[in-house]
Amino acid sequence: MADVIQLLPDSIANQIAAGEVIQRPASVVKELLENAVDAGSTTIQLIVKDAGKALIQVVDDGCGMSETDARMSFERHATSKIRQANDLFAVRTMGFRGEALASIASIAQVELKTRQRQNDLGSRIIIEGSEIKKQEPCQCAAGTNFAVKNLFYNVPARRKFLKSNTVEMRHINDEFQRVAMAHPDIFFSLQHNGNEVYHLPPSNLRQRLVNLLGSGCNKKLVPLREETDLVKITGFIGKPEFARKTRGDQFFFVNGRFIKSGWLNHAVLGAYEDLLQTDTYPLYIIFIEMNPASIDINVHPTKQEIKFDDDKMMYNYLKVATRHALGQYSVTPTLDFEQEPLFNQNVPSAADSNITFERIESSFSRGSGERSVQQEQYDRSSPEEMTRQRNNLQNWQALYEEEKEAMNAAEGELSTMTIESRISTSAPELDDSNQSFSKEEKRPHQIHRRYIINQIKSGFWLIDQQAAHERILYERYLEMLQGSNTSVQKKLFPQTIQLSGADAALLGEILPQVTQLGFDVESFGGNSFIIHGVPAEFQQRNEQEMIERLLDQVKQNYELSLDLHENVARSMAVSAATKRGQVLEISEMELLIDQLFACAMPMKSPTGRKCFLSFDLEELDKRFRE
């Protein structure tokens with residue numbers, strides 16, 4: 001039998017390796033930007049055409065390469081970053097594997113121009129599909145100019161699976177933001193199809209974040225800084241009231257490298273315990289500096305996953321540092337009667353009050369022999385602090401006595417109330433054979449501020465108020481986008497909003513559809529927009545918040561196979577719908593029910609959630625007989 005195992009040619013091996021390293025245009029952007037940073041650049045320009053499918057060009061003023069190095073850089077596993085295996089545990093550069101340029105050259109048409117500062121001439125290399133077409137001396141600026149054209153031109157199956165330009169450009173923006181955040185001392189710029197999306201001069205970290213995420217980001221940030229012998233944690237975390245329903249503004253950097261870690265994310269969310277609304281995610285940009293020997297970054301070709309020597313230690317350090325930052329800058333709730341509370345706390349129910357006041361009572365009745373930490377702190381306090389704490393204690397005691405009296409009175413009333421007094425003897429009996437409901441009985445009822453119960457002859461409906469409103473708005477907006485007229489409420493004073501570069505580009509793309517929905521918005525240059533009018537039904541809402549939530553939803557939905565009209569209608573419906581927790585009047589519930597069942601598809605919301613459940617009387621009777 002003939003031998004069947006053979007060695008693959010280098011061109012095919014490079015294409016296989018490229019499948020792990022280069023997944024989409026954003027992967028090329030990441031590798032080239034990191035190489036520019038490693039070269040010691042102070043200015044880095046990224047130029048993109050057709051979301052990277054036609055051109056990705058990175059121009060830097062770094063150290064450049066010699067003629068020999070320029071040629072060697074395209075060989076597999078050729079790198080200047082490491083020399084031996086032990087160097088993997090002392091890596092402080094972004095790249096080190098020596099696979100990126102070989103992978104890129106195997107699936108694209110590449111032109112490289114590079115010159116070292118001490119040389120008069122540079123080198124120009126043209127490579128197509130791992131094959132060198134030309135290498136010659138050239139005149140060029142000091143540094144490196146790397147142009148990648150027609151990505152996946154020789155792998156049509158891979159090119160076919162690329163997403164729309166909007167989706168691919170969003171991934172490029174993400175990679176650009178991560179590198180720019182980690183290096184605020186370097187000038188960065190991004191151009192797409194001739195339009196400058198970002199222009200980021202060297203600055204401190206806070207200013208860089210404002211330039212990347214928009215001017216509204218500044219008021220959301222809380223500084224984070226903790227340092228020990230083992231780890232240094234710095235950066236910013238977001239105030240809880242600005243948490244969003246969608247992820248996307250969460251960044252971890254370890255030794256300047258962006259990483260993804262569900263474990264560290266859980267630590268940060270744990271520090272926000274009881275400060276966030278359900279299903280919301282805070283903003284954070286956290287930098288972790290530690291000895292490279294304590295981490296392993298050679299886990300995945302993309303280098304976005306790492307392992308720590310002691311995961312539990314890192315988890316606890318991060319959680320404590322985040323909690324300390326929230327407390328240090330008065331973000332956590334306060335019990336000081338002489339200060340304004342930062343958050344509206346939920347008032348405990350009567351059932352919970354027993355536990356709450358028993359704890360308070362026990363704290364007042366401790367023996368003199370027991371000395372708590374709070375008592376020791378009180379003894380060491382200044383006279384003004386002692387007076388303030390004593391006043392707080394008296395206020396708590398007065399509040400406790402009043403509540404205790406009120407609860408005792410309520411218990412006395414409940415003890416004298418009989419079951420018969422709770423049920424009206426004059427209430428009409430329901431005739432099962434001919435059910436007919438009074439107007440009072442037909443009224444819907446809201447429970448837990450999220451569901452609506454509506455009684456029908458065969459039983460009742462349980463309606464999800466948010467899902468139902470999303471379905472109503474989705475069909476209404478879809479009709480508007482198909483040519484139906486909508487009313488616009490003009491604003492007396494137009495509002496100017498400032499967005500991040502990525503959000504501004506996205507809003508500019510969907511602006512015709514947004515206008516059809518009733519927004520009167522125009523570009524004001526750069527990343528600014530002016531809102532002259534809003535849909536008449538939303539005139540009492542925050543316009544900038546509405547636009548930001550719309551953009552968040554659009555970015556999420558772009559991953560789905562939806563056309564632009566469906567995407568915008570769905571995104572607008574989700575961002576504008578009545579949310580869970582909102583109290584509805586009876587008239588509002590009745591209108592919502594009528595509009596829901598007038599929809600073409602009332603069963604499910606545009607996101608796939610059921611709008612209502614039906615419960616039959618016979619089914620209920622069976623359950624009670626079990």
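All values derive from a computational prediction rather than experimental measurement.
- Screening residues 514-524 for salt bridge (Lys or Arg N to Asp or Glu O under 4.0 Å), with sequence neighbours left out, gives K490-D520.
- Here the side chains of L46 and I56 are in contact, with some heavy-atom distance below 4.5 Å.
- Heavy atoms only, all atoms of each residue included: A36 and S41 are closest at O-OG, 2.7 Å.
- Rounding to the nearest 0.5 Å places CZ of F176 at 9.0 Å from CE of M169.
- Between V59 and F146, every side-chain heavy-atom pair lies at or beyond the 4.5 Å cut-off.
- Here L101 contributes atom CG and L112 contributes atom CG; the two are 8.0 Å apart, rounded to the nearest 0.5 Å.
- Atom CD1 of I104 sits about 9.0 Å away from atom OG of S27, to the nearest 0.5 Å.
- With contacts defined as side-chain heavy-atom distances shorter than 4.5 Å, the pair P282/I237 does not qualify.
- Crowding of R225 atom CZ: a count of heavy atoms from other residues, nucleotides or ligands under 6.0 Å not exceeding 12.
- Smallest separation of non-hydrogen atoms from F242 and K220: CG-CG, 3.5 Å.
- In this structure, N204 and D185 have side chains that are not in contact, with every pair of non-hydrogen atoms separated by 4.5 Å or more.
- Remark: the N211 side chain and the Q207 side chain contain an N/O donor-acceptor pair separated by less than 3.5 Å.
- Defined by atom type and a distance below 3.5 Å, a donor-acceptor pair is missing between the side-chain atoms of Q250 and N265.
- Note that CZ of R24 is 7.5 Å distant from CG of L162, once rounded to the nearest 0.5 Å.
- Between E168 and K53, none of the side-chain N atoms (NZ, or NE/NH1/NH2) sits under 4.0 Å from a carboxylate O, so this pair counts as no salt bridge.
- Residue I172 holds its CD1 atom at 10.0 Å from CG of L33, rounded to the nearest 0.5 Å.
- Summarising the geometry, atom CD1 belonging to I285 is positioned 7.5 Å from atom CG belonging to L205; distances are rounded to the nearest 0.5 Å.
- Although no hydrogens or angles enter the test, the distance criterion places no donor-acceptor pair under 3.5 Å between the side chain of H171 and the main chain of P25.
- Looking at every heavy atom in both residues, D61 comes nearest to T43 through OD1-N, 3.0 Å.
- Taking the side chain as every heavy atom from C-beta outward, E289 and E227 never approach each other to under 4.5 Å.
- Here Y198 pairs with Q177 under the side chain to side chain donor-acceptor pair (under 3.5 Å) rule; sequence neighbours left out.
- Looking only at side-chain heavy atoms (C-beta outward), V268 and I286 come within less than 4.5 Å of each other.
- Taking the six-membered ring where the residue is Trp, the centroids of Y284 and F252 are separated by under 6.0 Å.
- Using a 4.5 Å cut-off on side-chain heavy atoms (C-beta onward), T166 and L506 make contact.
- Contact annotation: the side chain of L221 approaches that of R206 to within less than 4.5 Å [non-hydrogen atoms, C-beta and beyond].
- In this structure, H199 has its ring center under 6.0 Å from that of F187.
- Scanning both residues, R178 and F253, for their nearest heavy atoms gives O-CE2, 3.2 Å.
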